[in-house]
Every structure is written in structure tokens, then in C-alpha cells.
Amino acid sequence: MDQFDGPGDGQEEAAKVAILEKAMKGRQPTDLMLRCTILDADGNVKTISGQFKKSDLCNEHRLNPRDLRKIDSRIPNLVPTILVRAEAILVNILHIRALVKSDAVVLFDTYGSADSRLHSVFLYHLEHNLKAKGTGPPYEFRALESILLSVLSALEAEMIFIRNLVGGLLAELEDDIDHDRFKRLLHYSRRLAAFQNRAKLVQEALEEVLEQDEDLSAMYLTDKMNGKPRAVNDHDELEVLLESFSKQVEEIVNEAENIQSNVQSTQEIVELILDSNRNALLALDLKISILTMGIGIGTLFAGLFGMNLTSHLEQHNFAFYVLSTVCILLTAMFSWVGLRRLSRLRKVGLSANGKRRAKASWLPLPLRRRGPDSN
């Protein structure tokens, strides 16, 4: 056994070593850098796509290296998170990876992102919201509101797009069912399930923050910087802000679930229609077989009298007509019996239930529930 297992284990180990070496060789010194866009306390863009070392960011903002791993776009991380630290709030939701402080916002550029328009709209709204000073919410809450509003807009836009795709396809399936449309329905169903999962993760991230009173009070960074930390239960303003976005995300999740339910119902109906058509084809095949059997029984007698043997019926004047009539009657009788038996077999479940209900229908309702052996 060891002789057979040895080569396989050796190849697997060599493959692991090769993958590790390739990963280590491909790691460049620039991987220790992050591209960031920084907005100052006045809402002006201070730096655009600047290169910063991870160690410098950790020292400047009092972060741990593992905190930056969650917002590094080159590291796969599909779970949205909102982390509260001593002097900052780390946000990693969908297309936004940001660090929010009491007087600055650091946006980490997303590598490989194709939706530059969405990022531009978010940056414009963030600048406008941060410049709106006055008696409104503090700096960090205005930044957080812009981030959540951009996330909500992205979810709504994708929801509308998927809803139009699925709705149009379901309308097409009502007219005609073919292989290509059913394949597209499967593809849209998977896409809808992925979107529903992302929306649920966003909702869970918001609910997780809302359940932590300490994190909510610690998110008042401006008060903390001014030496007026909030009490653990004093976070009504932030709680209202997060709850409003959580409810809107919940509505999107519910709408996605409704669309998913419609897709599943359509798939079940399509499968029932296909099963019904398949059963109709099988029934047609059985009917043809029964008719063929009946005709075969009739031709059996015709073949017996068609042999080159003397049957003493050749001299009768009406023998041909009598035998032809007998063959036709046998064919019709066997075909009728077979088709009637097939019809009974196809309706045996409904007919049995119908008979049982008919026998007990005249009884009062309390007596119907009693069994035959009840007293």
C-alpha cells in the first residue's frame, strides 16, 4: 500500500511547494503599500491615489496590521465589516473600503474595480456632505452616512437590474418554454442568489454593530477627541442612523427573496408542465401500442385462414365476410378494453379518493372524523 500511496503524496507535496514558491516570488515590495485617497477636515481632497506603507498607516492611525488586511482589496474578503477602533472606524462594505476619523477620511482604492462611475459619484457626495458644516451630525457620522448611502444605492441599482432581467425572462417563459430560456433562468437564479447573499451580509454587519452598545458609543470620535466620551447607552443619534439604513437593506433583502420565490415557483411550474407533456407522450405511446396489439390479434386470425391449407371454408359464400367481421370485432374489443384499462390506471388515485369522500359526504361533520371502530 505504501508503494502505491507514495508517488501520489509526493506529487501533491511538490505541487504545494511550487504554489507556495510562486506566491512568494510574485509578492513584490509594492504589496506592502496601499493606494489611498485622503479627505481632510474641511472635506477637500488632500491626496488622490497616494502610495502609503502599511506600517506608516498603522502607526499614524493606531491600527493593527490585521485591521488593514480586512480593507486590502487584493486579499479576498467577501464578508462586510464595520470595526471600531480607538481613533477610527474601519468600513469594508461592497465596493467601499474606508477609514473614518474625527477629522479625516481615508478611502482605499479598490484594485481591479470596473465601476469607476460609482466611485466618482460616491466621492462627490462624500465631499459635499463633509463640507456641510453646522449644527448637524459630527464629521464621522456624515462620512458614515455617505458610505452607507453609496452602499444602499449600489444594492438598489443591482436589485432593479436583476428584477428587470428576471421579470422579462419570466414573461417570456409564459409564452414559450425552450432550452435557452430555461438555461438563462438558471443563470439568473444563481446571480439572484449571490446578490441576496451579499445583501444579507450587509444587513448582518449593520445589525451586529447595532447590538453592541460599547461600539456605538465608541463611534462618537469627535466627542472622544474633545475629551467628552459618551456613556455606553448614550448613542441614540447613531442608532437611528444605522437603523434607518438597516431597514432599507432589509427591504431589499425581502424583495430579493420575493423574486427568488417567484423564480422557484416558475421553475416548479415549468417542471410540472414538462412532466405533464412527458406523461402525455407516454400515454400516446401506450395507446398506439394497445391499438397495435388489437390489430395484431385481428391479423392473427386472418393469417391462420390465409395459410395454404384446406379449411373447408373456401366453399362457403359468406365465409370471407363473417371472418372479416369477426377480426374487426376482436380488434375493436381488445383495443377498447386496453384503452379503458389504461384510462382507469391513470385515474386510479383520484377515483379512489372520490369514492371515499362520496360515501362519507352525507354524514355529519363530527361523525366523519370518527373511525369505523369508534364507539
Side-chain angles (χ1 to χ4, degrees), residues 70-71 73 75-84 89-98 100 107 110 113-115 117-119 121-122 125-126 129 137 141-173 184-213 215-216 219 235-270:
K70 294 183 177 297
I71 58 178
S73 60
I75 299 175
N77 186 15
L78 302 178
V79 180
T81 55
I82 299 177
L83 301 177
V84 181
I89 302 172
L90 290 169
V91 180
N92 177 21
I93 302 178
L94 298 184
H95 60 284
I96 296 179
R97 292 169 173 84
V100 180
L107 300 178
T110 304
S113 177
D115 197 352
R117 179 179 178 276
L118 185 62
H119 187 269
V121 172
F122 162 65
H125 184 271
L126 179 61
N129 204 9
F141 289 177
R142 283 178 281 149
L144 191 61
E145 181 182 4
S146 298
I147 292 173
L148 295 178
L149 186 60
S150 178
V151 170
L152 184 63
S153 300
L155 289 176
E156 289 178 346
E158 188 173 1
M159 181 75 259
I160 294 174
F161 178 73
I162 295 177
R163 182 178 58 194
N164 293 335
L165 285 179
V166 175
L169 182 58
L170 294 182
E172 294 177 2
L173 286 174
R184 284 166 54 197
L185 180 63
L186 178 61
H187 174 68
Y188 292 162
S189 178
R190 292 176 179 174
R191 183 169 183 175
L192 178 60
F195 169 77
Q196 183 178 352
N197 185 36
R198 290 197 302 271
K200 284 184 177 180
L201 290 176
V202 173
Q203 182 184 3
E204 291 175 359
L206 293 175
E207 290 179 353
E208 184 179 358
V209 176
L210 287 171
E211 293 175 357
Q212 303 294 330
D213 292 334
D215 289 344
L216 290 175
M219 292 175 71
H235 48 68
D236 294 339
E237 182 181 1
L238 178 59
E239 187 174 359
V240 170
L241 175 64
L242 295 179
E243 281 183 351
S244 63
F245 283 100
S246 179
K247 293 298 181 182
Q248 295 180 64
V249 175
E250 184 179 359
E251 293 178 359
I252 294 176
V253 173
N254 292 335
E255 186 175 359
E257 291 178 351
N258 293 334
I259 297 177
Q260 185 69 29
S261 177
N262 293 335
V263 171
Q264 292 178 356
S265 300
T266 303
Q267 290 177 345
E268 293 175 358
I269 293 174
V270 169

If I take atom [atom1] from residue [X] and atom [atom2] from residue [Y], how far apart are they, to the nearest 0.5 angstrom?
{"X": "Asn92", "Y": "Thr81", "atom1": "CG", "atom2": "OG1", "answer": "4.5 Å"}
{"X": "Ser150", "Y": "Leu155", "atom1": "OG", "atom2": "CG", "answer": "9.5 Å"}
{"X": "Leu169", "Y": "Tyr188", "atom1": "CG", "atom2": "OH", "answer": "6.0 Å"}
{"X": "Leu210", "Y": "Glu243", "atom1": "CG", "atom2": "CD", "answer": "5.5 Å"}
{"X": "Leu152", "Y": "Leu94", "atom1": "CG", "atom2": "CG", "answer": "10.5 Å"}
{"X": "Leu165", "Y": "Arg184", "atom1": "CG", "atom2": "CZ", "answer": "8.5 Å"}

Run the side-chain contact (heavy atoms from CB on, under 4.5 Å) test on Glu257 and Val253 for me, step by step, so that the C-alpha distance in whole Å, both residues' side-chain angles and the decisive distance to 0.1 Å come before the verdict.
CA-CA 6 Å; Glu257 291 178 351; Val253 173; 3.8 Å; yes
Applying the side-chain contact (heavy atoms from CB on, under 4.5 Å) criterion to Leu144, which one of Leu149, Asn129, Leu242 satisfies it?
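The single option meeting the side-chain contact (heavy atoms from CB on, under 4.5 Å) with Leu144 is Leu242.
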Does Gln264 have any side chain to side chain contact (heavy atoms under 4.5 Å, CB included) partners at least two apart in sequence or in another chain, and if so, which?
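Partners of Gln264 under the side chain to side chain contact (heavy atoms under 4.5 Å, CB included) test: Gln260.
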Considering residues at least two apart in sequence or located in another chain, which fulfil the side chain to side chain contact (heavy atoms under 4.5 Å, CB included) criterion with Val84?
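Here the qualifying residues are Asp215, Ala218, Met219.
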Return the set of residues passing side-chain hydrogen bond (donor to acceptor under 3.5 Å, both in side chains) with Thr266 (not counting sequence neighbours), or none when no residue passes.
none
Ile93 vs Ile147, side-chain contact (heavy atoms from CB on, under 4.5 Å): CA-CA, chis, key distance, verdict
CA-CA 9 Å; Ile93 302 178; Ile147 292 173; 5.5 Å; no
Quick one: do Arg97 and Val91 satisfy side-chain contact (heavy atoms from CB on, under 4.5 Å)? Show the steps, please.
CA-CA 6 Å; Arg97 292 169 173 84; Val91 180; over 6 Å; no
Please report the shortest heavy-atom distance between Met159 and Ile259, naming the atom on each side.
CE-CD1, 3.2 Å
So, Arg191 side chain and Ile162 main chain: donor-acceptor pair closer than 3.5 Å or not?
no
All N/O donor-acceptor pairs, side-chain side in residues 244-251, below 3.5 Å, sequence neighbours left out:
from	atom 1	to	atom 2	distance (Å)
Ser244	OG	Val240	O	3.4
Ser244	OG	Leu241	O	2.6
Gln248	NE2	Ser244	O	3.4

Does the pair Ile96 and Val151 meet the rule for a side-chain contact (heavy atoms from CB on, under 4.5 Å), with working shown?
CA-CA 8 Å; Ile96 296 179; Val151 170; 4.1 Å; yes
Please list every donor-acceptor pair under 3.5 Å in which a side-chain atom of residues 195-209 meets a protein atom from a residue at least two apart or in another chain.
from	atom 1	to	atom 2	distance (Å)
Arg198	NH2	Glu158	OE1	3.0
Arg198	NH2	Glu158	OE2	2.3
Gln203	NE2	Glu207	OE2	3.2

Side chain to side chain, Leu90 and Ile82, heavy atoms closer than 4.5 Å
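Result no, sub-4.5 Å side-chain heavy-atom pair not found.
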Residues in salt bridge (charged side-chain N to carboxylate O under 4.0 Å, His left out) contact with Glu255, at least two apart in sequence or another chain
Arg163
